[in-house]
Amino acid sequence: MSPTVWWIIGIVIALALIAVLARMQSAKRTEGKREEAATLRDQAAEHERTLRERTAAAEESQAQARKAQAEADEQAARAKQLQAESERRSESAEEVRATQEDHLRRADALDPDVRTDK
């Protein structure tokens, strides 16, 4: 065989080897991308679990806050009722006190033994 044929065979083998190496490199890159994508999906799934847990915790906190607010509103309403009742009783007590003082003044005015002039 002539040297030209050997050169052509060598070039064909080199090109075939380059093509095989390029294909292997491409397959390796593709597999690397698959692995990276799988890792990102796993991380996304973990973030989703964390998100659900934190959302549930936030909703529970909101429910507790609403309950506490409702209890506070109820206590405020009860305090208003007690305040109104206290005011009514104070007014009633004042009326009784005024009536008592009026009776005592009238009794003193009627009693000849009590001096009412100052």
Side-chain angles (χ1 to χ4, degrees):
M1 271 198 199
S2 74
T4 306
V5 172
W6 284 109
W7 273 103
I8 292 174
I9 292 173
I11 291 174
V12 169
I13 291 174
L15 289 175
L17 186 59
I18 290 172
V20 168
L21 289 175
R23 200 171 275 234
M24 288 173 56
Q25 188 69 7
S26 175
K28 188 176 180 182
R29 259 184 302 198
T30 301
E31 186 59 32
K33 288 181 180 181
R34 282 189 186 110
E35 289 175 5
E36 185 178 356
T39 300
L40 289 173
R41 285 187 185 98
D42 289 343
Q43 290 174 350
E46 181 62 32
H47 289 301
E48 182 180 353
R49 282 189 291 276
T50 302
L51 175 64
R52 278 184 278 158
E53 290 171 359
R54 290 184 182 177
T55 300
E59 288 172 355
E60 182 179 345
S61 293
Q62 288 174 347
Q64 289 174 346
R66 283 190 300 270
K67 181 181 177 184
Q69 183 62 50
E71 290 172 357
D73 292 344
E74 184 180 332
Q75 288 295 324
R78 179 72 178 135
K80 283 182 180 181
Q81 289 173 343
L82 290 172
Q83 182 66 32
E85 184 178 333
S86 171
E87 288 173 3
R88 280 192 303 273
R89 288 184 179 188
S90 292
E91 289 170 0
S92 176
E94 191 59 40
E95 289 174 6
V96 170
R97 183 176 296 117
T99 302
Q100 175 200 20
E101 289 175 0
D102 185 49
H103 283 273
L104 287 174
R105 275 193 300 275
R106 284 183 26 207
D108 287 346
L110 290 175
D111 190 351
D113 295 331
V114 175
R115 289 189 54 167
T116 56
D117 59 327
K118 292 186 180 186

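Note that CD of E71 and CZ of R66 are 13.0 Å apart. Values are rounded to the nearest 0.5 Å. Here CG of L51 is found 11.5 Å from CD of E46. Values are rounded to the nearest 0.5 Å. For the atom pair NE2 of H103 and CG of L110, the computed distance is 12.0 Å after rounding to the nearest 0.5 Å. With rounding to the nearest 0.5 Å, the separation of CE in M24 from NZ in K28 is 8.5 Å. Taken to the nearest 0.5 Å, the CG atom of L15 stands 11.5 Å off from the CD1 atom of I8. To the nearest 0.5 Å, the span separating CZ on R29 from NZ on K33 amounts to 7.0 Å.
In this structure E74 satisfies the salt bridge (Lys or Arg N to Asp or Glu O under 4.0 Å) test with no other residue, sequence neighbours excluded. Under the rule for a salt bridge (Lys or Arg N to Asp or Glu O under 4.0 Å), the partners of R34 that lie at least two apart in sequence or sit in another chain are E31. Shown here are the side-chain contact (heavy atoms from CB on, under 4.5 Å) partners of L40, two or more places apart in sequence or in another chain: E36, Q43. With sequence neighbours excluded, the residues forming a salt bridge (Lys or Arg N to Asp or Glu O under 4.0 Å) with D102 are R106, listed by chain and number. With sequence neighbours excluded, the residues forming a side chain to side chain donor-acceptor pair (under 3.5 Å) with E94 are R97, listed by chain and number. In terms of the side-chain contact (heavy atoms from CB on, under 4.5 Å) criterion, residue partners of V5 (sequence neighbours excluded) are, by chain and number, M1, S2, I9.
Put simply, the side chain of Q81 reaches to within 4.5 Å of the side chain of R78, judged on heavy atoms. Side-chain atoms of S26 and R23, non-hydrogen and from C-beta on, never get closer than 4.5 Å to each other.
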Can R49 and R52 be said to form a side chain to side chain contact (heavy atoms under 4.5 Å, CB included), step by step?
CA-CA 5 Å; R49 282 189 291 276; R52 278 184 278 158; 3.4 Å; yes

Full working for salt bridge (Lys or Arg N to Asp or Glu O under 4.0 Å) between E91 and R88:
CA-CA 5 Å; E91 289 170 0; R88 280 192 303 273; over 6 Å; no

